[in-house]
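Read the structure below first, then the notes.
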Amino acid sequence: MHIHYISEQNSILNHFLAQIRDVNIQKDSMRFRKNIERIGEIMAYELSKTLDYKKIDVQTPLGIKHTTTIAEPVVLCSILRAGLALHQGFMNFFDNAENGFVSAYRHHYNNDDKFEILVEYQAAPSFEGKNLILIDPMLATGQSLVAVLHKLHLEQKPKEIHIAVVIATPEGIQYLEENVPENCHLWVAALDDKLNEHNYIVPGLGDAGDLAYGIKL
Ligand SMILES: O=P(O)(O)OC[C@H]1O[C@H](OP(=O)(O)OP(=O)(O)O)[C@H](O)[C@@H]1O
Ligand SMILES: O=c1cc[nH]c(=O)[nH]1
Ligand SMILES: [Mg+2]
């Protein structure tokens, strides 16, 4: 797996990352969603630099410009719920992309911290020959992303698979390394310290889905 850390250099990205983590700013759920969306835009731009491009000619009112455009179609596929705001950011830049949505949640059978990931809903186009970008802001244990990747119809072979996350743990990255195809790309905006005993990211930001859309039962 090729890992791309995009906040190694100081940039406005750090400002958005600081705001989504801040317990006081988090009270404003619209700002939380907007910041995740803005991070998605930055990630989309960085990722776009690594795609393949083809030559095109553009007719302007005054002549022809020889330039380039992305060679193969992009499919954006997000994991519900928390992926939605990040998805919007990617969609703002990859505006011709096809879109897919998959659900995944932690199902606790007892009142302890053990859980299983349930993937129930999916609606996605064919990935054949396309650049698949799988989107989820949080890479904690990595189990949601791996469960979703196994559920997607990857027999329709994408040209490339990119996984885009905002905050990752070393444990989650290790789990992906062991469970996703070797030629996958992982894009990480921020690498955090570890998982806590409830499998939440520390320092992280809390529950991204709840912060964006409200506490669920
Ligand atoms: O790496 P993992 O240990 O699998 O955890 C990460 C998952 O947790 C969050 O979703 P959550 O299950 O909270 O659902 P939600 O988006 O509906 O809140 C997040 O968006 C990931 O999908
Ligand atoms: O820290 C975490 C872990 C899983 N899901 C989240 O939203 N946050
Ligand atoms: Mg959640």
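Just so you know, these numbers use all the heavy atoms, side chains as well, and skip hydrogens, waters and symmetry mates. In this chain, numbering begins with 1 at the start of the sequence shown. As the structure lists them, so they are numbered: ligands from 1, and atoms in each ligand from 1. The structure displayed is predicted, hence computed values, not measured ones.
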Does the side chain of Tyr109 pick up a donor-acceptor pair with the side chain of Glu116 at under 3.5 Å?
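Glu116 and Tyr109 do have a side-chain donor-acceptor pair below 3.5 Å.
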
Between Asn35 and Gln19, do the side chains contain a donor N or O and an acceptor N or O under 3.5 Å apart?
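Yes - a donor-acceptor pair under 3.5 Å links their side chains.
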
Flag yes if more than 12 heavy atoms outside Ile64 fall under 6.0 Å of its CD1 atom; otherwise flag no.
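Yes.
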
Mark up the atoms of ligand 1 that fall under 4.0 Å of a heavy atom belonging to [X], in ascending order.
X: Arg81; result: 15 (P), 16 (O), 17 (O), 18 (O)
X: Ala82; result: 16 (O), 20 (O)
X: Lys216; result: 18 (O)

When you compare the side chain of Lys194 with that of Thr169, does any pair of heavy atoms fall below 4.5 Å?
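A side-chain contact under 4.5 Å is absent here.
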
Minimum side-chain heavy-atom gap Ile173-Met1 below 4.5 Å:
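The answer is yes, as the side chains (C-beta and beyond) meet within the 4.5 Å cut-off.
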
Atom 15 (P) of ligand 1 touched by protein (heavy atom, under 4.0 Å):
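So atom 15 (P) of ligand 1 has protein heavy-atom neighbours under 4.0 Å.
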
For atom 9 (C) of ligand 1, is the nearest protein heavy atom closer than 4.0 Å?
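No.
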
The criterion is side-chain hydrogen bond (donor to acceptor under 3.5 Å, both in side chains); which residues satisfy it with Glu160, sequence neighbours excluded?
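Glu160 satisfies side-chain hydrogen bond (donor to acceptor under 3.5 Å, both in side chains) with His162 only.
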
Applying side-chain hydrogen bond (donor to acceptor under 3.5 Å, both in side chains), name anything that partners Asn24, two or more places apart in sequence or on another chain.
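side-chain hydrogen bond (donor to acceptor under 3.5 Å, both in side chains) check on Asn24 returns Lys27.
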
So for ligand 2, is Ile201 a polar contact partner (N or O within less than 3.5 Å, distance only)?
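For ligand 2, there is an N or O atom that lies under 3.5 Å from one belonging to Ile201.
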
How far is atom 20 (O) of ligand 1 from the closest protein heavy atom, and which atom is that?
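The closest one turns out to be Asp136 OD1, 2.7 Å.
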
Proximity of Asn199 to ligand 1 by residue part, where a heavy atom lies under 4.0 Å:
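Contact part for Asn199 vs ligand 1: neither.
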
Between Thr141 and ligand 1, which residue portion shows a heavy-atom distance shorter than 4.0 Å: side chain, backbone, both, or neither?
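Near ligand 1, Thr141 shows its backbone as well as its side chain.
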
Below 4.0 Å, non-hydrogen atoms only: which portion of Arg81 touches ligand 2? Side chain, backbone, both or neither.
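The answer is neither.
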
With heavy atoms only and a cut-off of under 4.0 Å, state how Ala208 meets ligand 2: side chain, backbone, both or neither.
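Ala208 to ligand 2: contacts from backbone and side chain alike.
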
Residue Asp210, metal the Mg ion (ligand 3), N/O/S under 2.8 Å
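Looking at Asp210, which is the residue asked about, there is no N, O or S atom under 2.8 Å from the Mg ion (ligand 3).
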
Please compare Gly206, Ser144, Ala140 and report which has the shortest non-hydrogen distance to atom 6 (C) of ligand 2.
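Heavy atom nearest to atom 6 (C) of ligand 2 belongs to Gly206.
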
Please determine if Glu128 and Lys159 form a salt bridge, counting it only when a charged side-chain N lies under 4.0 Å from a carboxylate O.
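Between Lys159 and Glu128 there is no salt bridge, as every charged N stays at least 4.0 Å from the carboxylate O atoms.
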
